[in-house]
Protein chains: 2
Amino acid sequence: MRIVSNYNTLIIIISTLLIFISCAEDKVSSPTLSSSASEISNNAHPSLIITSAGVEKIKANLGSIPIFDASLEAVKNEVDTEIASGIEVPIPKDFSGGYTHTRHKKNFLILQKAGILYQILDDQKYAKYVRDMLFQYEAMYKTLPIHPQTRSYARGKLFWQCLNDSNWLVYVSQAYDCIYNYLTAEERETLEKNLFRPFADFISIENPQFYNRIHNHSTWGNAAVGMIGLVMNDEELIERALYGIKHDGLDPNAKDNDGGFIKSKDGKAGFIANLEEPFSPDGYYTEGPYYQRYAMYPFLIFAEGLQNVKPELKIFQHKDSVLLKSVDALLNLSDADGEFFPLNDGQKGMSYFSRELVTAVDIAYHYGGHHPGLLSIAEKQNNVLLDDSGLSVALGLKNGEAKPFNKKSINLSDGSDGKQGGVGILRYGNEDMTLVFKYAAQGLSHGHYDKLSFSLYEKGDEILQDYGLVRFVNIEQKGGGNYLQANSSWAKQTIAHNTLIQNETSHFEGKYEIGSKHFSELYLFDVANEAIQVVSAKENNAYPGTQMQRTLVMIKDENFEKPYVLDLMQVTSNTTNQYDLPYYFMGQVIKTNVDYKTHQTLKKLGGANGYEHLYVEGIGNASEENTKLSWLNHGNFYSLTSATNKADQILFTRIGANDPEFNLRRDAGFMIRRKNSKNTVFASTIESHGSYSPVSEFALNSNSNIADLEVVFSSEEYMGISITDLNGSTRLFIMSNKDASKEKNHTIKINNIMHQWTGAYYFK
Amino acid sequence: MRIVSNYNTLIIIISTLLIFISCAEDKVSSPTLSSSASEISNNAHPSLIITSAGVEKIKANLGSIPIFDASLEAVKNEVDTEIASGIEVPIPKDFSGGYTHTRHKKNFLILQKAGILYQILDDQKYAKYVRDMLFQYEAMYKTLPIHPQTRSYARGKLFWQCLNDSNWLVYVSQAYDCIYNYLTAEERETLEKNLFRPFADFISIENPQFYNRIHNHSTWGNAAVGMIGLVMNDEELIERALYGIKHDGLDPNAKDNDGGFIKSKDGKAGFIANLEEPFSPDGYYTEGPYYQRYAMYPFLIFAEGLQNVKPELKIFQHKDSVLLKSVDALLNLSDADGEFFPLNDGQKGMSYFSRELVTAVDIAYHYGGHHPGLLSIAEKQNNVLLDDSGLSVALGLKNGEAKPFNKKSINLSDGSDGKQGGVGILRYGNEDMTLVFKYAAQGLSHGHYDKLSFSLYEKGDEILQDYGLVRFVNIEQKGGGNYLQANSSWAKQTIAHNTLIQNETSHFEGKYEIGSKHFSELYLFDVANEAIQVVSAKENNAYPGTQMQRTLVMIKDENFEKPYVLDLMQVTSNTTNQYDLPYYFMGQVIKTNVDYKTHQTLKKLGGANGYEHLYVEGIGNASEENTKLSWLNHGNFYSLTSATNKADQILFTRIGANDPEFNLRRDAGFMIRRKNSKNTVFASTIESHGSYSPVSEFALNSNSNIADLEVVFSSEEYMGISITDLNGSTRLFIMSNKDASKEKNHTIKINNIMHQWTGAYYFK
């Protein structure tokens, strides 16, 4: 042991010298870290996500903290099974979902767990397993060429893209930290020289187009380099992780596989820049919740490591504690089942039960002031990290400190300054109804062209869906588990969303260069009164010369069984256009008053911009007054009522045209088409009502309660809508379009009656 | 009270006289009931489903039997809410699902519950509520014309069909029994004279085409008449219930709305005949589980009443205890979620959580020897009847006597003699895989033309679906909640099922007259070895001149992760035909090796026999050797491998053509079409394998494990199939087609290798 310790000292000296040299070379001008502090704390291992003090505390509590004990047992079983089946480190070959991909992915997850088990259980078989596998990697990596699959803009070595190589290093750094003291100095030197350092250099210096971006890819890269840097006490790597590569030589016009720009506008890069840029002050991550979830892991795990090794950075307090806020934001971006809203490219079903969110919740609890609401999420997850933060959570739960995490109506601004639009969420009751309104920025390369779109939920069930992405993540048979062509041709297009399409063209012509310059503007977010919650935003750039304002109101009226949504889309244009407003309702048609025809053959709706993916199942003319559609889904009835005129066309659509490989779901749509129109208002309500059970076979309250919906006033300044229910009660909603201030007094005459009020809207 | 008692005596005397007169008139020759026994037991009220002794026992146990107390609390809340909202007895007007229909349905359910509450809680408000509502019905019924809706072959008065009127009387008889002693003799006389007796006569004597059949409709009618007869101690009604109307004057060729014959072949009618005829000795009900569930209620509730009032009938022992067996059969006809297999006309989602099954399970437990397996079902139902049998169950659960109800592989014969085909169910493990093979009789008017069809489940999820019915039961907007046109044009047709269609024509030309004369024949059912379970049946009449034999084998091979199914359809014909074999797989296509094309427009597959409801999404030629399709559903991968040749056409179909009102689900199909063929074998395997989670994003074992499937031998006598897995192991399955005996020795040479074995099949 003494020899090891001497070796350590030697290595520290060498490292320090190397840092000096490399700093000189790179001419890094970023804030200098206190190297003395680092040295002291870096002498201890483990120190990243589990600390020596933490290990002692865990050992002292073992057997008396149910959720921790259960998580430990599960991990132990998993790792023991893997150890029993032997180590496999295959030569890389496959895309996502293929054997070698899945194997290497499993390896890094198991390595991290085995490392932790070694610390907690003091059983050398785990350390040996980690060491043996690391040396197999070391043996292979020395001569490993770039991955044979050529699709990526940044090909990895173990995986087809650097992104997955970075995943590997983020996890394996933790394993290395855990068995650091188990290894001899010689072993460490071999691993660092032949595996870790070249690995870190490969994903960074050799792939600046991957590493030096403002993007979740780079965050993984930064964290990977930083994590191994912390374990190796390699200040050069830590600097590179925090502040990027100074001179990357990247082409400012280069794009990645998803069509996003590689180079950021101001040339900033590194972990700190990635923390600055894509997170809004509210903690919203511009790519959307699915990628926020993905990015959270490297953000939080590296932050945890930094907090433990370099507490002087105060990483969790950075940008007004944006990392902690982002966990709260992300939890609020889920439905009642904990599944994230599939804004932009998002795979449905991904939820706060994912391993990334176990990490996020535990770390946010441990480092963010022990908020008891997080404990109730951890309780649902029924799983904790086997480290200091997981212990914190387990003890909190054991002590009965959990309180419900109450998701609320919330407005999350987008953009690093919070001034690039956002996402507004209206919730009624205990998530009985949830509306998600997107008026955000483009969302980088994973963004969809769907300004002012919305989706609607009843508990965890979709009423009106956002399609999400077209990709079978990690299912190799489906395009190597990667994005499929229809992700661009369908999912990203405006027509795939519940928002307005002008002249069958997507917002910003579906062009990333244009879309990424713009964002919508919040006009009003007022949820003070639960019974009438309003969100409203304007979009002036999606179609030059056309202004859209959408106002969504969630109303709970005593004459209605459940809340309903009033949806107002006001369009003003210099030109005469065709406007399409689709609603992707989920479920089976129960009733409509549309006089429509169906055809013997199904034809596609259009030739481009996503229209080529829709079949027309039925077409007809709208009713003179109100067009109605009722449908049934998961035991609930829903009704859409829309103020239309006879010239409006109604289309029943079905997703799935031009889909030769059956990549699209055959879901239905209901679309209002208004031709030859300049300025107009689309006014609709969406009600949830009644229930149906195939067990009792009772159909309750299966009809819409709205007798009449009418646009009674429309000008540049005001919009007035009357809603009459089946009891004959009429409600009037008036919106001030130009002044949303709370103090402003308004007076207008509608149908010879004067209405006076203060504030942005009137409802009576 | 003494006056009441005198009135009772008087009424008994009058009743006895009336019976004497009516017996003389009807010349009933059925077994004479012991009137003295009846008189004695009929003096007591309540006596149908709850007895005086039972009431005392319930009262003594209240507060200490959790499930009973909870059920009581729930019923009390429901009834109290109804009492608070007042009595509504509207003039009948609507179809199923409409207001008046739903109201009257709710009334009879609540009346029954209120009656029970009166007995258990001794609170007169419940008796008063029942009395008051009954008198509102009495006042209305006196002058009530036949229901204004004209669609039924047997229109009711309260409802559009006598069937629902019978439902009403079955439930209301119980309510009347419960408050019998609360009413004055005068009140009883008024109700019986103006309401109950005319009601019973209307649904029987005035509607023999409804009442005097072998059909679930008639069972309801019989039970209704019998139940009120028991309460009124009216032997004429009881006789009519048990043995039908002697001279009904029905046309032997008349049909009902569903196309079924009204008159039974041997002219038998009444409850006993309905117990004889549609139930097989195994307790399978010929219409299928959905209707068995529906019919179980009147069967069991009337049997319970008879057992209590006329124990000398030994109704539960009738036909070797067929009623008790039928409960066991019905529970076995459900998937892992308790949902019934939708054979014939069946609504998906109907399950053993329905009120009818709570009744069935409780009664079967109480009167059938306290089988502990039934307690575990009752525990899942979390609800018991508030009567003697419910108390039995509650006490059994309280005493910890529940044992798992182990569903097993089971063969259920069809036909009153058990010789008209049947349904074979193969199960592996704990319902990990369940195969439902239908080789039954026509199933009366609710039967589908799908001889030798099968469906497949993994736990409660469908792998290959049976479409079920086309009907939105009780949803008024959908054709009055009744059967929709596509039930005949699609759901009943052969093409809607996973079985063979010759020349695009349904079995028996889709004609009920022909279909109801025939049934398939069981050839083999051998489930002795769980790892290789075989069911095989022959059908010689669906297409005259063509013989079909289908053999389904559920195999658990150690080289395979999960069980798989070997599906062999051997066809022999005098003529050259086109054979279609569809598989309605559930989920999304993951991979296929078919070289197919898709079209820009979707056209229907054919012009008639259900083909007009299918769109062709893709068409191509099969592979020379094995055609493969893999799909993903609810986190599991599935693969179909079929031995094909290049001349075989493969069609990707989509349900939904010719569906102008959106009544059909847009589900997918995969069809093998073999043209110009006489004798042939369709050999396929269906594997379940691997898993996918959108939370972990791990795709495990996502590929088929079958490298090659080959028909290596086919003659009239034998069929041989080789199955080679990815490891290179080859299994050989040989079926003896002519002799299924266990003792028979077989020897054949295949590919120059001799195979010898004893029994119907060889597998090695």
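Quick note: numbers below take in every heavy atom, side chains included, and nothing from hydrogens, waters or symmetry partners. Residue numbers begin at 1 in each chain, while the letters A, B, ... track the order of the sequences.
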query: What heavy-atom pair brings A/Gln347 and B/Tyr692 nearest, and what distance separates the two atoms?
result: NE2-OH, 2.9 Å

message: Testing the basics here: between B/Met350 and A/Val695, what is the closest heavy-atom pair and its distance to 0.1 Å?
response: CE-O, 3.3 Å

Chain A contact via B/Phe353 - which portion, at a heavy-atom distance below 4.5 Å: both

- request: Could you tell me which non-hydrogen atom of B/Lys105 sits nearest to which non-hydrogen atom of A/Glu697, and how far apart they are?
  value: NZ-O, 3.9 Å

- line: Per-residue tally against chain B (heavy atom, under 4.5 Å) across A/Ala668, A/Pro660, A/Gly481 peaks at A/Pro660

statement: Turns out that what part of B/Lys348 lies under 4.5 Å from chain A's heavy atoms comes down to backbone

field: side-chain contact (heavy atoms from CB on, under 4.5 Å) between B/Leu602 and A/Thr601, intermediate numbers included
entry: CA-CA 5 Å; B/Leu602 289 194; A/Thr601 59; over 6 Å; no

query: Checking heavy atoms, do the side chain of B/Tyr352, its backbone, both or neither come under 4.5 Å from chain A?
result: neither

message: At a 4.5 Å cut-off on heavy atoms, which part of A/Arg654 comes close to chain B: side chain, backbone, both, or neither?
response: side chain

field: Top of A/Ile475, A/Thr598, A/Leu632, A/Asp667 for chain B proximity - count of heavy-atom pairs under 4.5 angstrom
entry: A/Ile475

field: Note: A/Glu617-B/Arg666 ion pair, threshold 4.0 Å (strictly below)
entry: yes

- line: Note: B/Gln600 and A/Asn658 closest approach over all heavy atoms is NE2-OD1, 3.1 Å

field: Portion of A/Tyr99 that has a non-hydrogen atom of chain B nearer than 4.5 angstrom
entry: neither

query: Quick check: are there more than 12 heavy atoms from other residues, nucleotides or ligands sitting under 6.0 Å from CD of A/Glu561?
result: yes

task: Take B/Leu109 and A/Phe698, measure what side-chain contact (heavy atoms from CB on, under 4.5 Å) needs, and give me the verdict at the end.
output: CA-CA 12 Å; B/Leu109 293 171; A/Phe698 267 111; 3.5 Å; yes

Interchain contact, B/Arg293 with chain A, by part (heavy-atom threshold 4.5 Å): side chain

- prompt: Between B/Phe662 and A/Phe652, does the ring centre distance come in under 6.0 Å?
  reply: yes

task: For side-chain contact (heavy atoms from CB on, under 4.5 Å), just list the numbers for B/Ser702 and A/Gln477, CA-CA rounded to whole Å, side-chain angles, deciding distance to a tenth of an Å, and then say yes or no.
output: CA-CA 8 Å; B/Ser702 62; A/Gln477 297 93 325; 3.0 Å; yes

A/Asp337 atom CG: more than 12 heavy-atom contacts under 6.0 Å: yes

message: Counting only heavy atoms from other residues, nucleotides and ligands, does the tally under 6.0 Å from NZ of A/Lys380 exceed 12?
response: no

- prompt: Of all heavy-atom pairs between A/Val589 and B/Lys478, which one has the smallest distance, and what is that distance?
  reply: O-NZ, 2.7 Å

query: Would you say the side chains of A/Asn663 and B/Gln588 form a donor-acceptor pair under 3.5 Å?
result: no

query: Contact part of A/Phe340 toward chain B, heavy-atom cut-off under 4.5 Å: side chain, backbone, both or neither?
result: neither

- request: Specify which of B/Asn474, B/Leu664, B/Thr102, B/Val473 makes the most heavy-atom pairs with chain A at under 4.5 Å.
  value: B/Val473

